[in-house]
Amino acid sequence: MSGPWIFGYGSLVWRPAFSHVRREPAYIDGFERRFWQASPLHRGTVERPGRVATLLPKHNAQCWGMAYQVHEHEAQEILVALDHRERTGYERVRTTLHVRNVGPIEDVLLYVASAENQNYIGPESHETTAAIIREAQGESGANREYLQKLAQGLDEMQVEDPHILELVALLARTPEAPPQVGVPSPSQTRVLRK
Ligand code: SIN
């Protein structure tokens, strides 16, 4: 039986890592996406945290991402795994989702790292964020992969997010960083990549 929907706007756009019945581009109202969340685990380390996406409330804004409808009987297990994956500051939030080809769906779950969490960075210049993303690596791999895959996912659904496009443009102007010694490679990564 088809169950609840989950909305993703960051790594969940391109790597949900859970089975689903259906996947559709969708948006939520009243939020904008920003790379203002430090990543001390998946895309960085405690010493050199990377930057990953979170959502900030903003009047009249819309944030596009990917919505997944999951099987009812798998929903609980999926949420437990997502709680673990998103444990570095993200909390479950519920809002209305607007799914292309479906219409509004109430009470849909997403993960938001609010300004109160310990890894929230707050406003940061695109140049600073891009410089950090260029270098950072964590358990799930290079920080720039997270940004590039998200940008690609949005591009595939024909969504233009100026914040993401600016970061991608800044990274494109600089060469890739050499691998850091002592940081786990993606092949060593455990189950819950993000
Ligand atoms: C999401 O993708 O919706 C949450 C943030 C992340 O995992 O990158």
Side-chain angles (χ1 to χ4, degrees), residues 4-20 22-45 49-58 61-70 75 78-99 105 107-122 124 129 132-133 136-157 159 161 163-164 167-168 186 189-194:
W5 288 79
I6 297 168
F7 176 69
Y9 58 87
S11 68
L12 293 178
V13 168
W14 51 277
R15 187 189 285 137
F18 53 78
S19 64
H20 43 275
R22 184 171 178 179
R23 174 182 187 268
E24 297 283 351
Y27 70 87
I28 56 171
D29 283 319
F31 287 99
E32 65 180 359
R33 177 176 18 231
R34 286 290 176 268
F35 267 68
W36 291 350
Q37 175 73 2
S39 178
L41 178 67
H42 290 292
R43 298 287 166 175
T45 61
R51 292 289 184 271
V52 287
T54 188
L55 295 180
L56 281 300
K58 187 173 180 194
Q62 280 184 350
C63 178
W64 278 90
M66 191 60 80
Y68 303 88
Q69 189 174 27
V70 302
I78 288 170
L79 292 186
V80 169
L82 284 177
D83 284 352
H84 184 68
R85 165 172 160 171
E86 305 293 338
R87 65 192 179 282
T88 54
Y90 294 83
E91 288 172 320
R92 294 185 191 184
V93 168
R94 290 183 179 273
T95 192
T96 302
L97 181 71
H98 302 270
V99 185
I105 303 171
D107 216 23
V108 165
L109 186 134
L110 63 149
Y111 286 82
V112 175
S114 79
E116 281 73 48
N117 90 88
Q118 62 172 3
N119 291 313
Y120 180 70
I121 297 295
E124 182 171 72
T129 307
I132 290 167
I133 291 174
Q137 308 224 17
E139 280 194 4
S140 299
N143 203 170
R144 56 194 304 148
E145 180 201 37
Y146 178 110
L147 174 66
Q148 281 159 351
K149 292 258 173 79
L150 174 57
Q152 190 183 333
L154 294 176
D155 189 53
E156 281 165 10
M157 53 177 110
V159 168
D161 181 329
H163 177 67
I164 304 294
L167 291 172
V168 169
T189 303
R190 295 195 306 268
V191 199
L192 294 163
R193 294 182 69 202
K194 133 168 200 184

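Whatever order the structure lists ligands and atoms in, that order sets their numbers, starting from 1.
- For ligand 1, the polar-atom distance check against Gly10 finds a nitrogen or oxygen pair separated by under 3.5 Å.
- Between Arg43 and Glu145, at least one side-chain N (NZ, or NE/NH1/NH2) sits under 4.0 Å from a carboxylate O, which counts as a salt bridge.
- Atoms of ligand 1 found under 4.0 Å from any heavy atom of Glu86, numbered from 1 in the order shown, are 4 (C), 5 (C), 6 (C), 7 (O).
- Interface of Gly8 with ligand 1, defined as ligand atoms under 4.0 Å from a residue heavy atom, comprises 3 (O).
- Ligand 1 has an N or O atom lying under 3.5 Å from an N or O atom of Ser11, backbone or side chain.
- Geometrically, ligand 1 and Leu12 share a nitrogen or oxygen pair separated by less than 3.5 Å.
- With 3.5 Å as the limit, one finds no donor-acceptor pair spanning the side chains of Glu91 and Asn117.
- The distance criterion of under 3.5 Å between nitrogen or oxygen atoms is not met by Tyr111 with respect to ligand 1.
- For the pair His42 and Arg85, the tightest heavy-atom approach, listed with the atom from each and the gap, is NE2-O, 3.0 Å.
- Legend: residues meeting salt bridge (Lys or Arg N to Asp or Glu O under 4.0 Å) with Asp29, ordered by chain and number and at least two apart, are absent.
- Residues passing the salt bridge (Lys or Arg N to Asp or Glu O under 4.0 Å) test with Glu156: none are found, sequence neighbours excluded.
- Those atoms of ligand 1 with a heavy atom of Tyr146 less than 4.0 angstrom away are 6 (C), 8 (O).
- Using modelled atom types and a 3.5 Å distance limit, the side chains of Asp83 and Tyr111 yield a donor-acceptor pair.
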